A.B. asks: 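My questions all concern the structure below.
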Amino acid sequence: MIKRNYDQILNEIGEEVTVIAVTKYHTNDEAMSAYDAGVRNFGENRVEGFNEKREVIPADGKMHFIGTLQSRKVKDVIDDLHYLHSLERESIAKRIEQHAQHEVKCFIQVNVSGEETKHGLKPFEVKGFVESLQKYSKVKVVGLMTMAPETDDENEIRNCFVELRELRDELSKTYPSITELSMGMSNDYKIAVEEGATFIRIGSKLMGR
Ligand SMILES: *Cc1c(COP(=O)(O)O)cnc(C)c1O
């Protein structure tokens, strides 16, 4: 099942896009089925789930933290943290700098849609924030992340992704290492890929349920 879902998604998106299997509602065995199907990137949004999965995922699997992370918990995930998708406060960067033995690839989370329930910086705040992160040698900002608004309006979703891409393009003039776009989930990844996503975060459509 997971293998079939994965192959179907790969067919739809092309070679350049990385699929992150979001395993937050799934068991270690299910995560391993995804690994056996060829998935090598795994996303969790809670510290407990992250630590459970990283125990079982073989060493060539990369672990992504995709939820809000409290600064005091940075040290609990840091050893296997390859990518953080939710950087939005300098206190997190400070802790990474303090605890990491390796460079952590980070996405700045941006609240493009403006929905109050969503985390992330406002688009106009991003540049100043990236500037303030330059002093942290372990924090490597690789791109921007967003979540689309909760709506059936495809145009609204697309506009959100376009806005994130344009912000990335603008930033990359000053910071050439900012190249990636983490956007698109089960319901909207096709639109996200059309608009330039380089990482998609897929839960239900890949893992089932
Ligand atoms: C749960 C989650 C996903 C995956 O959601 P699906 O709709 O199941 O694909 C992606 N990104 C974040 C930040 C999530 O919390």
Side-chain angles (χ1 to χ4, degrees), residues 1-13 17-28 30-31 33-35 37 39-54 57 61-70 73-74 77 81-89 92 104-121 126 142-154 156-158 160-161 164-165 180-209:
M1 233 275 277
I2 292 176
K3 171 89 175 120
R4 206 175 59 208
N5 294 343
Y6 187 51
D7 289 343
Q8 189 197 327
I9 293 167
L10 288 183
N11 271 328
E12 287 166 346
I13 63 174
V17 184
T18 301
V19 178
I20 302 165
V22 178
T23 51
K24 63 191 182 192
Y25 298 133
H26 297 85
T27 63
N28 288 347
E30 288 169 310
S33 300
Y35 180 89
V39 173
R40 289 295 179 272
N41 289 270
F42 296 85
E44 283 282 333
N45 67 343
R46 287 169 45 253
V47 170
E48 295 72 20
F50 184 94
N51 284 332
E52 275 176 28
K53 298 304 188 305
R54 70 167 167 172
I57 301 296
K62 294 196 165 63
M63 294 298 298
H64 298 247
F65 199 91
I66 61 171
T68 308
L69 183 59
Q70 292 172 287
K73 296 208 165 166
V74 167
V77 296
L81 183 62
H82 293 96
Y83 288 88
L84 175 64
H85 289 247
S86 54
L87 187 57
E88 57 172 349
R89 273 177 294 119
I92 303 281
V104 179
K105 298 189 174 97
C106 295
F107 290 84
I108 310 295
Q109 186 167 355
V110 188
N111 185 356
V112 177
S113 71
E115 287 180 325
E116 277 187 21
T117 52
K118 291 213 158 49
H119 286 270
L121 297 178
V126 173
V142 296
L144 305 178
M145 177 274 212
T146 199
M147 293 173 76
E150 272 147 54
T151 172
D152 295 329
D153 185 343
E154 224 186 274
E156 213 179 306
I157 294 171
R158 188 177 297 278
C160 170
F161 294 150
L164 195 73
R165 184 188 68 220
E180 309 301 326
L181 290 172
S182 167
M183 57 189 198
M185 304 173 24
S186 292
N187 290 328
D188 53 26
Y189 68 89
K190 287 178 204 159
I191 305 173
V193 168
E194 283 168 14
E195 297 306 339
T198 59
F199 287 81
I200 57 176
R201 310 178 308 270
I202 309 292
S204 52
K205 176 85 198 256
L206 174 62
M207 303 298 297
R209 297 200 295 279

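All ligand and atom numbering here is 1-based and tracks the order in the structure. Computed from a prediction, not measured in an experiment: that's the story for all the values here.
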A.B. asks: Under a 3.5 Å distance rule, please check whether H82 uses its side chain to pair with a backbone N or O of N41 as donor and acceptor.
C.D. replies: no

A.B. asks: Can you name the residues that form a side-chain hydrogen bond (donor to acceptor under 3.5 Å, both in side chains) with E52, not counting sequence neighbours?
C.D. replies: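 Listed in chain order: nothing, the list is empty.
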
A.B. asks: According to side-chain hydrogen bond (donor to acceptor under 3.5 Å, both in side chains), who are the partners of R40, at least two apart in sequence or on a separate chain?
C.D. replies: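 Listed in chain order: D60.
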
A.B. asks: Could you pull out every donor-acceptor pair under 3.5 Å between side chains of residues 17-24 and any protein atom, sequence neighbours left out?
C.D. replies:
{"from": "T23", "atom 1": "OG1", "to": "E44", "atom 2": "OE2", "distance (Å)": "2.6"}

A.B. asks: Taking the side chain as C-beta and beyond, is there a heavy-atom pair between F65 and V47 under 4.5 Å?
C.D. replies: yes

A.B. asks: Thinking salt bridges, do E150 and K118 make one under a 4.0 Å N-O criterion?
C.D. replies: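 Looking at K118 together with E150, the answer is yes, because their closest N to O distance falls below 4.0 Å.
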
A.B. asks: Write out each pair where an N or O from ligand 1 and one from the protein are under 3.5 Å apart, with the distance.
C.D. replies:
{"from": "ligand 1", "atom 1": "8 (O)", "to": "S204", "atom 2": "N", "distance (Å)": "2.9"}
{"from": "ligand 1", "atom 1": "8 (O)", "to": "S204", "atom 2": "OG", "distance (Å)": "3.3"}
{"from": "ligand 1", "atom 1": "9 (O)", "to": "S186", "atom 2": "N", "distance (Å)": "3.0"}
{"from": "ligand 1", "atom 1": "9 (O)", "to": "S186", "atom 2": "OG", "distance (Å)": "2.5"}
{"from": "ligand 1", "atom 1": "9 (O)", "to": "G203", "atom 2": "N", "distance (Å)": "2.8"}
{"from": "ligand 1", "atom 1": "11 (N)", "to": "R201", "atom 2": "NE", "distance (Å)": "2.9"}
{"from": "ligand 1", "atom 1": "15 (O)", "to": "K24", "atom 2": "NZ", "distance (Å)": "2.8"}

